[in-house]
Amino acid sequence: MAWTWQTALFFAGIASLLLLMTLLAIYRPETERVGVLRIPTTRGDRLFISLLGAAFIHLAWLGFVGTDLWWASGLSLVYAAAVFRYV
């Protein structure tokens with residue numbers, strides 16, 4: 001893997017998400033809730049599900065559409081919003 005500015009931006013984004021989730025856990029303690037999956041999930045669980053889904057969305061986009069990933073990123077943000085709302 002080449003260390004480019006895009007790679008650094010990706011890892012900085014993941015680190016920022018983890019920092020944000022840590023601060024949220026400190027200032028607003030988590031409570032589990034049951035959504036459409038019918039399993040209790042926390043904010044961290046929903047973040048993991050949305051990151052995993054985003055990876056699969058991007059891989060599918062690369063396989064079926066091509067290398068223009070801006071639309072896949074937008075679709076991933078919509079997916080993450082849906083996961084945090086309904087799961």
Side-chain angles (χ1 to χ4, degrees):
M1 176 172 61
W3 285 97
T4 62
W5 68 269
Q6 294 95 339
T7 306
L9 186 65
F10 173 77
F11 282 107
I14 297 295
S16 298
L17 280 173
L18 291 174
L19 179 65
L20 176 68
M21 296 300 280
T22 301
L23 292 174
L24 277 173
I26 291 170
Y27 293 114
R28 296 187 68 195
E30 300 179 76
T31 57
E32 292 183 343
R33 69 174 192 193
V34 177
V36 296
L37 293 179
R38 299 290 178 222
I39 59 172
T41 58
T42 62
R43 282 190 297 255
D45 298 331
R46 291 187 292 275
L47 176 65
F48 178 74
I49 291 169
S50 63
L51 288 175
L52 193 61
F56 284 120
I57 288 170
H58 280 81
L59 286 174
W61 192 273
L62 282 171
F64 293 120
V65 177
T67 57
D68 186 27
L69 293 175
W70 289 109
W71 290 100
S73 296
L75 184 61
S76 295
L77 287 174
V78 170
Y79 172 74
V83 166
F84 271 89
R85 176 73 176 113
Y86 298 112
V87 173

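Atom set for the values below is all heavy atoms of this structure, side chains included, hydrogens, waters and symmetry mates excluded. Worth saying up front: this structure is predicted, and the values here are computed from it rather than measured.
Legend: residues meeting side chain to side chain donor-acceptor pair (under 3.5 Å) with Glu32, ordered by chain and number and at least two apart, are absent. Every side chain to side chain contact (heavy atoms under 4.5 Å, CB included) that Leu75 has, sequence neighbours left out, goes to Ile57. The side chain to side chain donor-acceptor pair (under 3.5 Å) check on Thr31 picks up nothing, with sequence neighbours excluded. Residues meeting the side chain to side chain donor-acceptor pair (under 3.5 Å) test with Arg46, sequence neighbours left out: Thr41. Here Phe56 pairs with Leu52 under the side chain to side chain contact (heavy atoms under 4.5 Å, CB included) rule; sequence neighbours left out.
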Pairs under 3.5 angstrom only: tabulate donor-acceptor contacts from the side chains of residues 11-30 to other protein residues two or more places apart or in another chain.
residue: Ser16; atom: OG; partner: Ala12; partner atom: O; Å: 2.8
residue: Thr22; atom: OG1; partner: Leu18; partner atom: O; Å: 2.8
residue: Glu30; atom: OE1; partner: Arg43; partner atom: N; Å: 3.0

Enumerate, atom names and distances included, each donor-acceptor pair closer than 3.5 Å involving a side-chain atom of residues 65-74, sequence neighbours excluded.
residue: Ser73; atom: OG; partner: His58; partner atom: NE2; Å: 3.1
residue: Ser73; atom: OG; partner: Leu69; partner atom: O; Å: 3.1

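Linking Ile, Leu, Val, Met, Phe, Trp and Tyr whenever their side-chain heavy atoms come within less than 4.5 Å puts Tyr86 and Ile39 in one cluster.
Residues Phe84 and Ser50 approach most closely at CE1-OG, 3.8 Å, considering heavy atoms.
Residues near Leu59 contribute nothing to a hydrophobic cluster around it, because no ILVMFWY side-chain heavy atom sits closer than 4.5 Å to its side chain. Residue Trp5 is found in a hydrophobic cluster whose other members, listed by chain and number, are Leu9; membership requires side-chain heavy atoms under 4.5 Å apart, directly or through intermediates.
Residues Val36 and Val87 form a side-chain contact, since some pair of their non-hydrogen atoms from C-beta on lies under 4.5 Å apart.
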side-chain contact (heavy atoms from CB on, under 4.5 Å) evaluation trace for Ile49 with Tyr79: CA-CA 10 Å; Ile49 291 169; Tyr79 172 74; 3.7 Å; yes
